[in-house]
Enquirer: 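Let me give you the structure first, and then I'll get to my questions.
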2 protein chains.
Amino acid sequence: MADEEPTPVAPAAPARPAARRAPGVKDVAAAAEVSLGTVSNVLNRPQLVSPRTRQKVEQAMADLGFVRNESARQLRAGHSRSLAYVMLDAANPFFTDVATGIEEVAAAADLVVFLCNSGEEADREARHLDHLQQHRVHGILITPVNAADERLSRLQEQGTPVVLVDRTDGAFHGCSVFVDDVLGGELAVAHLIEHGHERIAFVGGPGTLSQVRQRRAGALRALENAGLPPDRLIELSTSALTVAEGRGAAERLAGLPAQRRPTAAFCTNDLVALGLLQMCVRLGIAVPNDCAIVGYDDIDFAAAATVPLTSVRQPRRLLGSTAAELLLDEANNPRHQHQQVQFTPELVARASTLGHPAQPHTSTKIPGVLAI
Amino acid sequence: MADEEPTPVAPAAPARPAARRAPGVKDVAAAAEVSLGTVSNVLNRPQLVSPRTRQKVEQAMADLGFVRNESARQLRAGHSRSLAYVMLDAANPFFTDVATGIEEVAAAADLVVFLCNSGEEADREARHLDHLQQHRVHGILITPVNAADERLSRLQEQGTPVVLVDRTDGAFHGCSVFVDDVLGGELAVAHLIEHGHERIAFVGGPGTLSQVRQRRAGALRALENAGLPPDRLIELSTSALTVAEGRGAAERLAGLPAQRRPTAAFCTNDLVALGLLQMCVRLGIAVPNDCAIVGYDDIDFAAAATVPLTSVRQPRRLLGSTAAELLLDEANNPRHQHQQVQFTPELVARASTLGHPAQPHTSTKIPGVLAI
DNA sequence: CAACCGCTTTGAAACCTTTCACTAACCGGG
DNA sequence: CCCGGTTAGTGAAAGGTTTCAAAGCGGTTG
């Protein structure tokens, strides 16, 4: 770090104005010379109030700078007008895209979304959940650190609707929205096999993540379908799904003797794939000629890589919007039934498996597969 | 889109259990056979309560599944135990890193951070601000769509502390935290000049963004310092700071006649730079030999690009944590003085200007500049 | 003239927690 | 046995909004 000392520029201003008590409905009522109930009517059921009175009240509100007190409102109503998404990793574009889908639905229902970031830490997640429950939020969407956490079931029982996003778990008794990860793995590896690859690295880990396990299962199924033995899948396991781990995997891959070295790699997510890609090029392994690469998630940076990355796309926004709709149904519909909604992933083929440069119009069009 | 129809998997469970009213302090008091004031003491000043009584109360809380009602608590206290960061673009890793810095400070002060995303839309930002004010949040950190928006000053006057993040503006009367963008632009272009470049593209826009204007001013200053005329800076202006716009700029750059074509490009942010890099390689322009590239922000994906990107780093987390500290001071210290805190950027030199592959130990070490 | 109507406005209760002045009980010392 | 002092626990008030039954009002109908 060179020079990160803060530099106060201006000595600055005389501090805030003396903060006298914020005006409430009572003050507005007094100013407008009506009862406090009338003010409330103007706010909540304006059609009940005569135009003249309404106008007077609105004027008074503007004059006083009245701001509704949401706490008091919620206290009376029993619940808030907001919902929350507790995300696993705010730095991963996948989750921010999911959040966008959630926000679309929430905005339509006139709810505000609070984004909370657990950063994959269980106790930070727990703190957020406690606080949200105390806030009596309308409901919680969450991509949990651990989907089987009994805290989630408890929340649900205590009356806060909870929907799992991009996860599902038998132990959790509620709605969930997720993508068929086994199929995703199968699509990826089938694509590689169709392009002539028969020794394929599986890069990902730790195995405690259900996503990793399922995507590997899909990879094995693709091998089986093609009549290839399971040992053609060469494990390069990582301790996390990060760019740095992807780079490390590339070094291990480069170290393998030529005849055992895989000609292609399937990475459990795009961050790992980008790291692998970067280090392969640096080590002189040409992509895709020496080693084809498939990633997972199809984040925007995948298409923007210097060798655009073939990746398995998940319907991120749809995942978010569907989850939000399930949540609203659970919160509002007394006859709600819990649902597990599964989506289908699709492969987006790009230069990292097709060759370089990608030609949109002539690139291989695989049935059920999107070429971009 | 191939197959994104949702597939309900399980017909599922019998809906939620009949939600009877959540227990409050009153119920706990009854169950523990103490007065309601005592329960409150257990919660807020446990040292005043005898161990025996406290134990009884805690047991009752556990039995009943008591959850504090934050609304009622806030109503009494007059303000909430949370603060908010309204970010300009949740999909840009720069802002999520800033958010991390904020969260560190907030967690230490036992406050919860609500992340809100304006997505560069003024009305969405306005909705968030309204709601946050109604919530009586402790304070608001914001990277606004428009820093001169009078709404921000009004919030401040009405008693909600506001701190500008990564922006500053004379029209706003409060604290702000930002980085010296003129210096950042100067560092970038000085670095290119030192590496022998004399025709340099400036890629960025629109000019309405203060960041763009200031970084360009810095670029011009670097030329002047080196005794080069200002027309050596070739404008390639974009309509937004996105990857797609970066690609478009590369096409325009490739279209220039060889003797007028710049030998280097300075991009206003890393997204633009990554797009430019990608398209240059695709069009056969070697990086850095035919065209060196410098980005801005040093997001993680910059280092992870296949040709790692030289970029101007801003102290993102520090930006966030400093802003949060200013906010807390403003909220708690009656003698608070508004401050404008400026940070210094630094250049991180990588292969996109130094050559390929980057050798950490032998790469040019420019004074005041970090080589990675 | 009384009963009734629809429309507008009112006043008080309720939501749940925290705070604070107060009492009760107990201690040891005088 | 009373006193001053400490500690534990009490009960009522307060905080701002919403809701709802009821009242006021001007006019119409039987």
Side-chain angles (χ1 to χ4, degrees), chain A residues 19-58 60-61 64-82 130-131 133-137 158-159, chain B residues 19-58 60-61 64-81 130-131 133-137 158-160:
Chain A
R20 67 203 173 302
R21 199 178 51 75
V25 276
K26 208 180 325 187
D27 307 273
V28 174
E33 299 176 294
V34 297
S35 85
L36 136 184
T38 301
V39 177
S40 177
N41 280 337
V42 171
L43 288 166
N44 302 297
R45 296 186 287 302
Q47 75 284 3
L48 293 188
V49 181
S50 73
R52 219 181 73 81
T53 315
R54 185 162 69 212
Q55 216 274 324
K56 240 184 356 179
V57 172
E58 280 164 352
M61 286 186 185
L64 273 63
F66 168 74
V67 177
R68 237 168 162 148
N69 184 323
E70 182 72 15
S71 305
R73 195 180 187 198
Q74 280 182 203
L75 176 59
R76 193 76 212 329
H79 59 84
S80 83
R81 304 239 9 102
S82 47
D130 280 347
H131 191 256
Q133 188 182 16
Q134 292 177 9
H135 244 182
R136 302 290 193 270
V137 289
Q158 293 179 339
Chain B
R20 65 203 175 303
R21 200 178 52 75
V25 277
K26 205 180 329 187
D27 307 273
V28 174
E33 299 176 294
V34 296
S35 86
L36 140 180
T38 301
V39 176
S40 178
N41 280 338
V42 170
L43 287 167
N44 301 298
R45 294 185 288 301
Q47 74 285 2
L48 294 188
V49 180
S50 74
R52 219 180 73 82
T53 316
R54 186 163 68 213
Q55 215 274 325
K56 242 186 350 183
V57 172
E58 279 163 352
M61 287 186 185
L64 272 64
F66 168 75
V67 178
R68 237 167 161 147
N69 184 323
E70 182 72 15
S71 306
R73 198 180 183 199
Q74 281 182 205
L75 176 58
R76 197 73 200 357
H79 58 84
S80 82
R81 306 244 357 109
D130 280 347
H131 192 255
Q133 189 182 16
Q134 292 178 10
H135 244 173
R136 302 290 193 273
V137 289
Q158 292 179 340
T160 304

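Every chain is numbered from 1 and lettered A, B, ... according to where its sequence line falls, protein lines coming before strand lines. Quantities reported herein were computed from a predicted structural model and do not represent experimental measurements. Basis for what follows: all heavy atoms, side chains included, without hydrogens, waters or symmetry-related copies.
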Enquirer: Can you tell me if the side-chain N/O atoms of B:Ser50 get under 4.0 Å from OP1 or OP2 in D:dG9?
Expert: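 It does, given that an N or O in the side chain of B:Ser50 lies less than 4.0 Å from OP1 or OP2 of D:dG9.
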Enquirer: Name the closest nucleotide to the A:Thr53 side chain, picking from D:dG11, C:dT8, D:dG16.
Expert: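 The answer is C:dT8.
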Enquirer: Using a 4.0 Å heavy-atom cut-off, does A:Val39 contact any base of the nucleic acid, only the sugar-phosphate backbone, or nothing at all?
Expert: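 It contacts nothing in the nucleic acid.
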Enquirer: In whole Å, I'd like the distance from the CG atom of B:Leu43 to the P atom of C:dC16.
Expert: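 My rounded result for the distance is 15 Å.
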Enquirer: For B:Ala72 and A:Leu75, work out which heavy atoms get closest and say how close.
Expert: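 The pair with the smallest heavy-atom distance is CB-CD1, 3.7 Å.
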Enquirer: Provide, to the nearest angstrom, the distance between the CZ atom belonging to B:Arg81 and the P atom belonging to C:dT18.
Expert: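 Whole-Å distance recorded here is 12 Å.
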Enquirer: Sort out for me which residue in A:Arg76, A:His79, A:Arg73, A:Gln74 forms a side chain to side chain donor-acceptor pair (under 3.5 Å) with B:Ser71.
Expert: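 Filter result, single survivor: A:Gln74.
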Enquirer: Over all heavy atoms of both residues, which pair between B:Gly78 and B:Arg136 is shortest? Give the atoms and the distance, please.
Expert: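 Heavy atoms of B:Gly78 and B:Arg136 come nearest at O-CB, 4.1 Å.
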Enquirer: Given A:Val25 and A:Leu43, is the side chain to side chain contact (heavy atoms under 4.5 Å, CB included) satisfied, shown in steps?
Expert: CA-CA 10 Å; A:Val25 276; A:Leu43 288 166; 4.2 Å; yes
Enquirer: Starting from the 5' end of DNA chain D, give me the residue, B:Leu75 or B:Val34, whose nearest nucleotide shows up first.
Expert: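 Of the two residues, B:Val34 wins.
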Enquirer: Looking only at heavy atoms, what is the nearest atom pair of B:Ala31 and B:Leu64, with distance?
Expert: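 Scanning both residues, the minimum pair turns out to be CB-CD1, 4.1 Å.
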Enquirer: Write down the distance between CG (A:Asn69) and C1' (C:dC15), rounded to a whole number of angstrom.
Expert: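 That distance rounds to 13 Å.
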Enquirer: Please report, rounded to the nearest Å, how far the C1' atom of C:dT8 is from the CD atom of A:Gln55.
Expert: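 Value for this atom pair: 17 Å.
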Enquirer: Please find the pair of heavy atoms, one from A:Gly24 and one from A:Asp27, that lie closest to each other, and give the distance.
Expert: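 A:Gly24 and A:Asp27 have their closest heavy atoms at N-OD2, 2.7 Å.
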Enquirer: Does A:Asn44 use its side chain to pair, donor to acceptor, with the backbone of A:Asn41 at less than 3.5 Å?
Expert: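 A pair under 3.5 Å: no.
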Enquirer: Expressed in angstrom and rounded to an integer, what is the separation of B:Glu33 atom CD from D:dG9 atom P?
Expert: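 Answer to the nearest Å: 13 Å.
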Enquirer: Grab the CD-P distance between B:Gln47 and D:dA8 for me, whole Å please.
Expert: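 The distance from CD of B:Gln47 to P of D:dA8 comes to 10 Å, rounded to the nearest Å.
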Enquirer: What integer distance in Å separates A:Lys26:NZ from D:dT18:C1'?
Expert: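 One finds 14 Å between C1' of D:dT18 and NZ of A:Lys26, rounded.
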Enquirer: Can you tell me if the side-chain N/O atoms of A:Arg68 get under 4.0 Å from OP1 or OP2 in D:dT18?
Expert: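 For A:Arg68, the contact criterion (side-chain N or O under 4.0 Å from OP1 or OP2 of D:dT18) is met.
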Enquirer: Return the value, rounded to whole Å, for the distance between atom CZ of A:Arg54 and atom P of C:dT9.
Expert: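 Distance, rounded to whole Å: 10 Å.
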Enquirer: So if I take every side-chain heavy atom of B:Val25 and compare against D:dG11, C:dT9, C:dT17, which nucleotide ends up nearest?
Expert: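 In terms of side-chain proximity for B:Val25, the closest of D:dG11, C:dT9, C:dT17 is C:dT17.
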Enquirer: I'd like a table of atom pairs between the protein and nucleotides 19-26 of chain C - only N or O on both sides, under 3.5 Å - with the distance next to each one.
Expert:
residue, atom, partner, partner atom, Å
C:dT19, OP2, B:Arg45, NH1, 3.1
C:dT19, O4', B:Arg76, NH1, 3.4

